[in-house]
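Written out below as structure tokens is the structure these notes cover.
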Amino acid sequence: KLLQITTATSSEDYPHLAPDRRSLVFMSDRAGRVGIWTLDRTAGTIEAMTPPEIIAASPRWSPDGRSVLYASTDEEQQVTIVVQERGELTARVLARGDAEHDVSQAQWSPDGRRIVFMRRARTGESEIVVNSLEGREQTAIAFPAGRGVAWPGFSRDGASLVFQDEAGGEPRQIWRVAATGGEARQVTHGAGEHSHPSASPVDPDEILVVVDHKNIAVASATTGELRYLTSFDDSTVVLDYPSWSADGSRVFFSLSRKVGDLYLLEDRTQDATP
């Protein structure tokens, strides 16, 4: 059953349900810039978690539901991965970008003791990094420039990672690799784009994926076969950022529709400056 949760003219993305199944965290530009918001699904109230002067994105509840992991961007466009306790106004930095590297796309380990995120060099090389909550780097899996690696996440037992990859310029596919590093194994195949993987919290063989940004499916980690959860065929629909509920019974994602109007600029010789 498909249920619409929010109705807004703003952009709402990256939903994730807390383990208590009551609070949904998501990112939205409803206040003028992208920030983190929470929706109380029982009371129907929506509140800002981050102040309007902070650009914040990609939130994820911790496994114990006490805090939210997200990426924060400062005025110099430097990104930090931070964790903020529920009900608090300040955040603690877990990983920091610098002049040579960006950090992004952080996810929790199932036991809440580690995070995984992307670190990209300005020269194009990228790494999947696993850190402890104390900031100690445990693993860095490196990829060369030009290989489009993104959106890493832990498996149910925390022993492996799933991620998307555009190796060799081919359509994006889902891969797995040990959380300690090593040789990666391709999971999905074919001409379609498979992206934004999320391993099931209950079934070790299920990986939630976006297919061509049109539908949500579950891929078998063993065979790569897809089981579709949605069947949109409208060319205006764009699906993104799926996540599981903690018990694996529900899936949340964002859905946007491409709409627009046509304009004519009649006199290009006139100065448009007021």
Side-chain angles (χ1 to χ4, degrees), residues 11-16 18 23-38 47-143 145 148-154 158 161 163-164 179 196-198 240-241 243 254:
S11 176
E12 321 267 59
D13 269 321
Y14 221 79
H16 189 219
S23 183
L24 187 79
V25 68
F26 61 100
M27 66 185 197
S28 173
D29 63 358
R30 60 175 58 208
R33 65 167 64 188
V34 176
I36 307 302
W37 296 72
T38 57
E47 297 181 349
M49 184 173 189
T50 55
E53 64 270 17
I54 292 177
I55 299 175
S58 309
R60 282 292 182 259
W61 284 110
S62 60
D64 62 9
R66 294 182 178 180
S67 56
V68 173
L69 184 70
Y70 63 90
S72 179
T73 306
D74 63 21
E75 296 300 328
E76 285 72 40
Q77 301 303 303
Q78 295 297 318
V79 180
T80 54
I81 304 299
V82 302
V83 60
Q84 183 172 327
E85 299 292 323
R86 186 196 289 252
E88 297 293 327
L89 297 178
T90 58
R92 178 166 63 95
V93 175
L94 300 181
R96 193 183 299 274
D98 54 37
E100 285 77 37
H101 299 86
D102 290 321
V103 293
S104 63
Q105 303 167 8
Q107 301 276 359
W108 294 95
S109 64
D111 61 7
R113 299 172 63 182
R114 296 172 293 166
I115 62 170
V116 62
F117 60 93
M118 291 301 306
R119 181 167 62 200
R120 288 191 175 85
R122 301 281 194 260
T123 53
E125 297 87 356
S126 60
E127 296 176 306
I128 296 176
V129 181
V130 176
N131 270 20
S132 69
L133 286 193
E134 292 74 31
R136 294 192 302 272
E137 186 172 299
Q138 298 177 328
T139 307
I141 307 168
F143 299 89
V149 180
W151 302 108
F154 283 95
L161 304 170
F163 63 96
Q164 71 183 50
H196 298 80
S198 178
D240 232 334
Y241 307 118
S243 68
S254 65

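It should be emphasised that the depicted structure is a prediction, and the values quoted were computed from it without experimental measurement. Position 1 is the first residue of the sequence, and the numbers go up from there.
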Heavy-atom pair of closest approach, residues Pro59 and Val25
CB-CG2, 3.7 Å
Under 3.5 Å, is there a donor-acceptor pair linking the side chains of Ser11 and Asp29?
no
Nearest-0.5 Å distance, OG of residue Ser62 to CG of residue Asp111
11.5 Å
Residue set satisfying side-chain contact (heavy atoms from CB on, under 4.5 Å) with Arg92, at least two apart, ordered chain then number -> Val83, Leu94
Who pairs with Glu127 by side-chain hydrogen bond (donor to acceptor under 3.5 Å, both in side chains), at least two apart in sequence or on another chain?
Arg119
Can you tell me how far apart CD (Glu134) and CZ (Arg113) are? Round to the nearest 0.5 Å.
8.5 Å
Nearest atoms (heavy-atom pairs only) where Arg33 meets Ile54:
CD-O, 3.8 Å
Would the distance check show the side chain of Ser72 and the main-chain N or O of Thr80 forming a donor-acceptor pair, the cut-off being under 3.5 Å?
no
Which heavy atom of Arg120 sits nearest to which heavy atom of Ala150, and what is that distance?
NH2-CB, 3.5 Å
Restricting to non-hydrogen atoms, name the atom on Ser28 and the atom on Phe26 that form the minimum distance, rounded to 0.1 Å.
CB-CE1, 3.8 Å
Over all atoms of both residues, closest heavy-atom pair of Met27 and Ser58
SD-N, 3.3 Å
Quick one, Ser67 with Trp108, criterion side chain to side chain contact (heavy atoms under 4.5 Å, CB included). Give me CA distance, side-chain angles, the key distance, then yes/no.
CA-CA 11 Å; Ser67 56; Trp108 294 95; 3.9 Å; yes
Between Glu12 and Ser254, is any pair of side-chain heavy atoms under 4.5 Å apart?
no
Hey, could you give me the OG/CD1 distance between Ser104 and Ile81, rounded to the nearest 0.5 Å?
6.5 Å
Taking only residues two or more places apart in sequence or in another chain, which ones pass side-chain contact (heavy atoms from CB on, under 4.5 Å) with Val130?
Arg114, Val116, Gln138, Thr139, Phe154, Leu161
If you round to the nearest 0.5 Å, how far is CD of Glu53 from CG of Asp74?
13.0 Å
Any chance you could lay out the side chain to side chain contact (heavy atoms under 4.5 Å, CB included) test for Arg86 and Trp61, step after step, and finish with the verdict?
CA-CA 9 Å; Arg86 186 196 289 252; Trp61 284 110; 3.7 Å; yes
Intermediate values then yes/no, side chain to side chain contact (heavy atoms under 4.5 Å, CB included), His16 and Gln107:
CA-CA 11 Å; His16 189 219; Gln107 301 276 359; over 6 Å; no
Approximate separation, where rounding is to 0.5 Å, of Ser243 OG and His196 NE2
12.0 Å
Could you give the distance from CD (Glu125) to CD (Glu100), rounded to the nearest 0.5 Å?
12.0 Å
List the atom of Leu133, the atom of Gly112, and the distance in Å for their closest heavy-atom pair.
CD1-O, 3.2 Å
With respect to Asp102, which candidate in Gln78, Gln77, Arg122 satisfies the side chain to side chain donor-acceptor pair (under 3.5 Å) definition?
Arg122
Under the criterion side chain to side chain contact (heavy atoms under 4.5 Å, CB included), I'd like the reasoning laid out for Gln84 against Thr50: C-alpha separation, chi angles, the key distance, then a yes or no.
CA-CA 9 Å; Gln84 183 172 327; Thr50 55; 4.1 Å; yes
When the ring planes of Tyr14 and Trp151 are compared, do they come out parallel, tilted or perpendicular, using 30° and 60° as the limits?
tilted
